[in-house]
Amino acid sequence: MSSLLQGVNLYLIGMMGAGKTTVGHLLAKELGYGFLDTDNVIAQATKKSINEIFAEAGEAGFRQIESDVLAQVCSYTKLTVATGGGIVLRRENWSYLHHGLILWLDVPVDILYARLAADTTRPLLQDDDPKGKLRSLLEQRTPLYSQADLRICVNAEETPEQIANKVMQAIPSVLKQTASN
Ligand SMILES: Nc1ncnc2c1ncn2[C@@H]1O[C@H](COP(=O)(O)OP(=O)(O)O)[C@@H](O)[C@H]1O
Ligand SMILES: O=C(O)C1=C[C@@H](OP(=O)(O)O)[C@@H](O)[C@H](O)C1
Ligand SMILES: [Mg+2]
């Protein structure tokens with residue numbers, strides 16, 4: 001499969017809690033690729049947590065660092081990259097993402113909420129109504145996530161391993177489409 005992707009990076013996009021980091025790890029192993037998580041790269045580079053960056057620089061400050069990191073990351077090959085859920089917001093990020101194959105993990109809000117209800121590491125969810133916030137973010141971002149090359153819909157029962165298998169099976173169909181275009 002690694003030779004089939006010919007070193008082209010795989011970028012995972014989707015909402016907070018969609019499983020980009022979890023499934024991304026598994027896909028990297030399957031593809032024989034390296035793995036990067038843009039949030040982890042940001043935290044390592046700044047020596048700050050995502051919460052600290054949002055508190056000190058605001059969302060706009062975080063988005064700038066996120067774009068800078070993505071610009072660096074896309075100069076490498078053979079990577080599976082788990083992105084942050086808001087990477088789709090900036091137009092310039094799409095020019096980087098389109099260097100690779102873009103995969104949307106599409107997960108319903110109820111599942112996202114169940115996974116993240118007790119999580120304190122997503123600053124945008126530190127809200128009086130986190131479920132409503134997830135719903136409005138998903139509504140706002142769906143037209144953007146829809147621009148992915150491949151959309152994988154996930155249900156509540158599917159394990160990360162099953163989702164990774166589903167992605168691996170779906171990748172050839174997208175490559176065929178690209179080749180015939
Ligand atoms: N398929 C899954 N089934 C159950 N829990 C999952 C699944 N995928 C991810 N999780 C859990 O959901 C939470 C968010 O996953 P994560 O990979 O960090 O998502 P993202 O990077 O998209 O925000 C983590 O606690 C993770 O263990
Ligand atoms: O959706 C978002 O705007 C964000 C998602 C987070 O990453 P995950 O999608 O990995 O949770 C992180 O980048 C930051 O908290 C902002
Ligand atoms: Mg993540």
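Every number for a ligand or one of its atoms is a count from 1 in the order of the listing.
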Electrostatic pair Lys131:Asp110 at N-O distance under 4.0 angstrom = yes
Does Arg141 come within less than 4.0 Å of ligand 2, judged by its heavy atoms?
-> yes
Donor on one side chain, acceptor on other, Asp68 and Gln64, under 3.5 Å | yes
Can you tell me if Asp119 and Thr121 form a side-chain donor-acceptor pair at under 3.5 Å?
-> yes
Within 4.0 Å of some non-hydrogen atom of Asp39, the atoms of ligand 2 are 6 (C), 7 (O), 8 (P), 10 (O), 12 (C), 13 (O)
the protein heavy atom lying closest to atom 9 (O) of ligand 2 turns out to be Lys20 NZ, 2.6 Å
List, ordered by chain and residue number, the protein residues whose closest non-hydrogen atom lies under 4.0 Å from any atom of ligand 1.
-> Met15, Met16, Gly17, Ala18, Gly19, Lys20, Thr21, Thr22, Arg115, Arg122, Glu158, Thr159, Pro160, Ile163
Give the atoms of ligand 2, by number and element, whose distance to some non-hydrogen atom of Ile50 is under 4.0 Å.
-> 14 (C), 15 (O)
Side-chain contact, heavy-atom cut-off 4.5 Å: Leu27 with Leu103?
-> yes
One finds that the ligand 2 atoms under 4.0 Å from a non-hydrogen atom of Phe62 are 13 (O)
Salt bridge or not for Lys166 and Glu158, using N-O below 4.0 Å?
-> yes
Considering only heavy atoms, does Gln126 approach ligand 2 within less than 4.0 Å through its side chain, its backbone, both, or neither?
-> neither
Count, waters excluded, of protein N, O or S atoms under 2.8 Å from the Mg ion (ligand 3) = 1
Heavy-atom side-chain proximity of Tyr96 to Ile87 below 4.5 angstrom | no
Can you find a pair of side-chain heavy atoms, one from Ile163 and one from Thr159, that are under 4.5 Å apart?
-> no
Measure the distances from the heavy atoms of Arg63 to every atom of ligand 2 and state whether one is below 4.0 angstrom.
-> yes
Those atoms of ligand 2 less than 4.0 Å from some heavy atom in Arg122 = 11 (O)
If you count the atoms of ligand 2 from 1 in the order shown, which ones are under 4.0 Å from a heavy atom of Leu124?
-> 2 (C), 3 (O)
Taking only heavy atoms of Gly84, which atoms of ligand 2 are found under 4.0 Å from at least one of them?
-> 7 (O), 9 (O), 13 (O)
Going by heavy atoms in the side chains, are Ile102 and Gln147 under 4.5 Å from each other?
-> no
Quick check: does any side chain N or O of Lys20 sit under 3.5 Å from a backbone N or O of Met15, one acting as donor and the other as acceptor?
-> yes
Are any of the side-chain heavy atoms of Asn9 and Leu101 separated by less than 4.5 Å?
-> no
Neighbour count >12 (heavy atoms, 6.0 Å) for atom CD, Gln72 = no
For the pair Glu139 and Arg135, find out whether any cationic side-chain nitrogen is under 4.0 Å from an anionic carboxylate oxygen.
-> no
The closest protein heavy-atom partner of atom 15 (O) of ligand 2 is Pro123 CD, 3.5 Å
Would you say the side chain of Leu124 lies within less than 4.5 Å of the side chain of Glu59, judging by non-hydrogen atoms?
-> yes
Geometric N/O contact Thr21 with ligand 2, under 3.5 angstrom | no
So if you build clusters from Ile, Leu, Val, Met, Phe, Trp, Tyr with side-chain heavy-atom gaps below 4.5 Å, do Val174 and Val23 land together?
-> yes
Is any side-chain heavy atom of Leu134 closer than 4.5 Å to a side-chain heavy atom of Leu125?
-> yes
